[in-house]
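Each remark here refers to the structure printed beneath this line.
Because the structure is predicted, anything quoted here is derived from the model rather than measured. Chain letters run A, B, ... following the sequence lines, proteins first, then strands; residues in each count from 1.
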2 protein chains.
Amino acid sequence: MALPDTSQYIPHLAYDSVVFGFSKGKLKILLMEYHATGWYALPGGFVRKAENLEDAVKRGLFERTGLKEIYLKQFHTFGDRSRYQPKVMKTILEANGHAIPENYWMLDRFFSVAYYALIDHEKVTLTPDNLSDSIAWYEIDRLPKLIFDHDKIVQKALQTLRENLDRNLIGGNLLPDRFTMNELQAVYEAILGEKLRRTSFQRKMLSLDILDRHEKLYTGKSHKAPFLYSFKLT
Amino acid sequence: MALPDTSQYIPHLAYDSVVFGFSKGKLKILLMEYHATGWYALPGGFVRKAENLEDAVKRGLFERTGLKEIYLKQFHTFGDRSRYQPKVMKTILEANGHAIPENYWMLDRFFSVAYYALIDHEKVTLTPDNLSDSIAWYEIDRLPKLIFDHDKIVQKALQTLRENLDRNLIGGNLLPDRFTMNELQAVYEAILGEKLRRTSFQRKMLSLDILDRHEKLYTGKSHKAPFLYSFKLT
DNA sequence: TAGAATTGTCTCAAATTGAAACAATAGAAT
DNA sequence: ATTCTATTGTTTCAATTTGAGACAATTCTA
């Protein structure tokens with residue numbers, strides 16, 4: 001695998017994505033682990049010269065998750081000089097066995113446009129890229145140390161997600177098509193980091209008139225079976 | 001005035017600023033008019049190679065308004081290919097009497113990080129830049145046609161400002177240090193584009209415990225004089 | 001001194017939310 | 001079959017917030 005040259009990509013510009021998933025009651029994000037370094041980073045990439053910014057992000061997410069239709073939101077662009085750490089990037093590239101040319105473009109200062117994505121944890125097929133030997137889910141409150149300012153990016157993503165949760169009613173993007181009210185509440189609680197009142201939550205969600213009610217879900221548990229819901233098509 | 005060369009600036013990366021002001025009951029923004037073209041654009045600029053992104057924006061705003069302390073918020077980065085219109089940029093540069101070199105960097109595709117600013121209309125000293133023969137205030141609902149996607153940038157700025165208005169209590173940044181409740185309400189109404197209920201607005205603002213009440217303002221009008229308020233130091 | 005305009009506060013109803021109670025139901029235990 | 005436990009969907013009542021208007025106070029004019 002040859003190093004990509006600069007002619008294909010916009011120099012100095014990258015994107016990073018904070019991909020949220022939900023499983024076993026926990027909010028999680030995707031992280032890559034780079035070969036032979038033990039370093040973790042957000043899935044990111046570069047923008048081709050003839051490509052829309054958002055298409056570049058979708059392309060990267062598709063390559064790593066196999067998903068084409070993804071809830072995606074740009075939330076901030078990071079451009080502090082303190083992001084510029086060419087030694088870190090050099091180590092990552094060299095750990096992949098590359099000889100790095102003088103003034104190689106990937107060692108330059110980069111501005112990163114950050115997006116967060118919400119996906120159904122079950123629908124994903126994870127595929128590492130060339131520089132990584134793994135891509136995997138990590139609980140949001142048990143993240144390993146991340147390179148560059150990626151921890152700051154994650155925190156800002158989470159903050160923005162919380163602020164947008166009610167306004168945009170996006171919680172359902174983390175669940176399968178059909179879900180119980182309890183599951184939806186668990187998603188809200190995981191994102192907000194606090195317990196919600198069951199009856200108030202149910203009343204609120206139903207009053208918003210955004211859910212369709214379907215058949216009951218019989219789990220075999222010895223109690224009343226909950227209804228399944230889906231989000232109404234807008 | 002020589003053309004700037006690329007060695008000083010990050011290529012492909014620009015910023016644009018939507019500078020909001022408020023006067024005579026109207027919400028306004030700053031626009032530049034380019035020499036000899038009749039074209040209008042947002043005040044923007046480029047980022048120096050050794051400069052933080054946000055510092056570049058502050059530098060540009062200081063040069064044009066004389067203000068150092070400005071409420072500034074990044075809200076979106078625009079990166080569609082449709083922004084790429086080298087002919088427009090070429091015309092602007094040529095209208096300033098420049099001979100444009102082959103492959104001149106300012107004619108490349110640009111990604112623009114957009115910020116909005118809230119300033120006290122009265123504190124500003126407007127100064128055009130080299131390419132412009134004017135910088136002036138324009139009512140938000142009577143804007144001239146703008147180049148590139150700048151109209152889209154303005155709309156997105158306004159939308160974000162509306163969403164952040166209550167959460168961040170930023171309306172006061174458009175007013176002098178001391179203002180009447182009526183003036184504050186007028187700012188909110190101009191931003192939201194709707195009339196608010198006087199009594200409810202007053203009750204709400206007072207209950208938030210963010211205002212200090214000062215002396216009355218006697219305007220000579222034949223009615224009860226309103227109190228002056230200021231925002232509490234946080 | 002009366003009048004017009006505007007401000008600050010209060011009142012009462014309507015709507016929303018907090019907190020808990022209650023009835024319904026699915027399966028397990030007896 | 002009956003009882004029991006856990007959980008769900010709904011209802012109830014109080015507390016809080018908001019909508020809409022009334023009302024008294026104040027400032028200057030006529």
Side-chain angles (χ1 to χ4, degrees), chain A residues 22 24-25 162-163 165-169 171-172 175-232, chain B residues 22 24-25 162-163 165-169 171-172 175-232:
Chain A
F22 181 78
K24 301 199 175 68
R162 283 175 178 158
E163 290 170 357
L165 184 58
D166 275 332
R167 191 195 312 282
N168 299 328
L169 299 165
L175 291 171
D177 291 342
R178 297 197 172 188
F179 47 84
T180 66
M181 193 62 78
N182 218 357
E183 289 169 331
L184 186 59
Q185 184 180 341
V187 166
Y188 271 72
E189 290 176 343
I191 292 174
L192 296 174
E194 58 181 332
K195 287 283 176 191
L196 300 176
R197 190 158 295 278
R198 182 182 65 90
T199 54
S200 298
F201 182 81
Q202 175 132 327
R203 177 174 49 188
K204 183 74 179 177
M205 282 296 148
L206 292 178
S207 75
L208 289 173
D209 197 36
I210 52 167
L211 298 178
D212 282 326
R213 178 179 281 183
H214 305 286
E215 74 282 4
K216 288 188 169 189
L217 173 69
Y218 294 91
T219 59
K221 300 275 181 62
S222 64
H223 54 73
K224 190 172 179 177
F227 287 107
L228 285 170
Y229 297 89
S230 67
F231 278 87
K232 282 186 179 175
Chain B
F22 180 78
K24 301 200 174 67
R162 283 175 179 159
E163 290 170 359
L165 184 59
D166 275 333
R167 190 195 311 285
N168 299 328
L169 299 165
L175 291 171
D177 292 342
R178 296 198 173 188
F179 47 85
T180 66
M181 193 62 77
N182 217 0
E183 290 170 331
L184 186 59
Q185 184 179 342
V187 166
Y188 271 72
E189 290 175 343
I191 292 175
L192 296 174
E194 59 181 332
K195 286 284 176 190
L196 300 177
R197 188 158 293 279
R198 182 182 66 90
T199 54
S200 298
F201 182 80
Q202 175 132 327
R203 175 173 54 185
K204 184 73 178 176
M205 282 296 147
L206 293 178
S207 74
L208 289 173
D209 198 35
I210 52 168
L211 297 178
D212 283 326
R213 177 179 281 183
H214 304 288
E215 74 281 5
K216 289 188 170 189
L217 173 70
Y218 293 91
T219 58
K221 299 276 181 61
S222 65
H223 55 72
K224 190 172 179 179
F227 287 107
L228 286 170
Y229 296 89
S230 67
F231 278 87
K232 282 187 178 174

Could you give the distance from [atom1] ([X]) to [atom2] ([Y]), rounded to the nearest 0.5 Å?
X        : Y        : atom1 : atom2 : answer
B:Phe179 : B:Phe231 : CZ    : CZ    : 4.5 Å
A:Leu169 : A:Leu211 : CG    : CG    : 9.0 Å
B:Phe227 : B:His214 : CZ    : NE2   : 11.5 Å

What is the distance, rounded to the nearest whole Å, between atom [atom1] of [X] and atom [atom2] of [N]?
X        : N      : atom1 : atom2 : result
A:Arg203 : D:dT12 : CZ    : C1'   : 10 Å
A:Arg198 : C:dA19 : CZ    : C1'   : 12 Å
B:Leu184 : C:dG8  : CG    : P     : 12 Å
B:Phe227 : D:dT27 : CZ    : P     : 9 Å
A:Gln185 : D:dT8  : CD    : C1'   : 12 Å
B:Gln202 : D:dT18 : CD    : C1'   : 16 Å
A:Leu228 : D:dT8  : CG    : P     : 12 Å
B:Met181 : C:dT9  : CE    : P     : 9 Å

How is A:Thr199 classified with respect to the nucleic acid when contacts are heavy atoms under 4.0 Å: base, sugar-phosphate, or nothing? base
Please figure out whether B:Asn182 or A:Ser200 has its closest DNA chain C nucleotide nearer the 5' end. B:Asn182
If you pin B:Ser222 and B:Pro226 to their nearest nucleotides in DNA chain C, which one's is more 5'? B:Ser222
Can you see if the side chain of [X] gets near the phosphate of [N] - specifically, an N or O under 4.0 Å from OP1 or OP2?
X        : N      : value
A:Tyr218 : C:dG27 : no
B:Lys204 : D:dT18 : yes
A:Lys221 : C:dT25 : no
A:Arg197 : C:dA19 : yes

Nearest heavy-atom pair of A:Thr180 and A:Pro226: which atoms, and what distance? CG2-CG, 3.8 Å
Quick one: does A:Lys224 reach the base of D:dT7 with a side-chain donor-acceptor pair under 3.5 Å? no
Would you say the side-chain atoms of A:Glu189 pair up with the backbone N or O of A:Leu196, donor to acceptor, closer than 3.5 Å? yes
